[in-house]
Amino acid sequence: MIDKLLRTLAVAVAIAALFALAACGGGSEPAPATTPSEEPAGAPAGTSQPLGSATVKGTVRYEGDVPRLAAIKMDADPGCAAKHKTPVQSEALVLGDGNTLANVLVQVKSGLPATQFAPPAEPRVMDQEGCRYIPHVMGIMVGQTFKILNSDGLLHNVHSLPKINKGFNRAMPANQTEAEFTFTKTEEPFKIKCDVHPWMNAFVAVLDHPYYSVSGADGSFEIAGLPAGTYEVEAWHEKLGTQTATVTIADGETTASDFTFTR
């Protein structure tokens, strides 16, 4: 019996030795190649880095008679009215000192190199606060996350009205604090409204590049990171239309391009 066990053990040791020899390189078959890591599905192509060091900046102003815009009446929803101690003015024409003009979208319309820009990882955020959309005018890149917040704790209904992109019509009850969307095509500024509160509206432009800005209450805007070149720059206002200007800039240079809208 012992002899039989010893013979069985010897056979097992011999087989193990053969496998060990093959593992150390005695086999003629190469090891399988490592599978290269794959780019995540839907990952953006192109670049998200600035192409240059030139800057276009300027100021937007308004000339002409200033219309008297009635204050927004929020009495239809006491929850909205309670959020304001003073009357809320319309954002259709927001003027600062010296009739500087806010809420003007300024973008590079043409002249950029044929580069595909990756959308930023950070979302563009629009809030519903005080029963208003903040900001009133904004740009966003194709494929960038559009996050809508509801800071009011009230029922809102976010209704987009694009002509090219797929629209959405989303009710946001008091307990729904955010919703996310994306746009897949470039589009000129289109309206977003609230069906519950008809005075609420905003405008969104979808761009395939990051070279845009929206003027503040002081009318100022700045578009940085441009390569040297000649560009058509467009300024858009929801009531006053569009204007264009041509600028030529060198690397590291800052060029002024002011706009004046009249009524």
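Count residues from 1 along the sequence.
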The complete set of salt bridge (Lys or Arg N to Asp or Glu O under 4.0 Å) pairs with one or both residues in residues 234-250, sequence neighbours excluded, reads Lys109-Glu234

Hey, does the side chain of His84 reach the backbone of Gly130 with a donor-acceptor pair shorter than 3.5 angstrom? yes

Can I get a per-line list of side-chain donor-acceptor pairs under 3.5 Å for residues 68-77, giving both atom names and the distance, sequence neighbours left out?
{"residue": "Asp77", "atom": "OD1", "partner": "Gly79", "partner atom": "N", "Å": "2.9"}
{"residue": "Asp77", "atom": "OD2", "partner": "His197", "partner atom": "NE2", "Å": "2.7"}

Co-membership, hydrophobic cluster, residues Leu161 and Val206, 4.5 Å side-chain: no

Between the CG atom in Leu240 and the CD atom in Glu63, the distance rounded to the nearest 0.5 Å is 12.0 Å

**Prompt:** Counting only N and O atoms by type, is there a donor-acceptor contact under 3.5 Å from the side chain of Arg263 to the main-chain atoms of Val66?
**Reply:** no

| query | Do Tyr133 side-chain atoms and Ala202 backbone N/O form a donor-acceptor pair below 3.5 Å? | reply | no

Under the 3.5 angstrom rule, does the side chain of Glu222 hit a backbone N or O of Ser213 as a donor-acceptor pair? no

SG-SG under 2.5 Å, Cys131 vs Cys80: yes

Quick one: side chains of residues 162-180, donor-acceptor pairs under 3.5 Å with protein atoms, not counting sequence neighbours, listed by atom name and distance.
{"residue": "Asn165", "atom": "OD1", "partner": "Thr184", "partner atom": "N", "Å": "2.9"}
{"residue": "Asn165", "atom": "OD1", "partner": "Lys185", "partner atom": "N", "Å": "2.9"}
{"residue": "Asn165", "atom": "ND2", "partner": "Lys185", "partner atom": "O", "Å": "2.8"}
{"residue": "Asn165", "atom": "ND2", "partner": "Glu187", "partner atom": "OE1", "Å": "2.9"}
{"residue": "Asn169", "atom": "OD1", "partner": "Asn157", "partner atom": "ND2", "Å": "3.2"}
{"residue": "Gln176", "atom": "NE2", "partner": "Glu178", "partner atom": "O", "Å": "3.4"}

Quiz item: Does a side-chain heavy-atom distance below 4.5 Å link Arg61 with Leu101?
Solution: no

Is there a path of hydrophobic side-chain contacts, each under 4.5 Å between heavy atoms of I/L/V/M/F/W/Y residues, joining Val214 to Phe259? no

* **Lys57 atom NZ, neighbour heavy-atom count above 12 within 6.0 Å** => no

### Message
Between Ser151 and Asp127, do the side chains contain a donor N or O and an acceptor N or O under 3.5 Å apart?
### Response
yes

**Report entry** Test item: Thr145 side-chain N/O and Pro123 main-chain N/O as donor-acceptor pair under 3.5 Å
**Finding:** no

- For the residue pair Phe261 and His237, does the interplanar ring angle fall in the parallel (under 30°), tilted (30 to 60°) or perpendicular (over 60°) class? tilted

*Please check if the side chain of Tyr212 supplies one atom and the backbone of Met138 the other of a donor-acceptor pair under 3.5 Å.*
no

Residues Asn103 and His136: side-chain donor-acceptor under 3.5 angstrom: no

Here the gap from Phe203 atom CZ to Leu105 atom CG, rounded to the nearest 0.5 Å, amounts to 12.0 Å

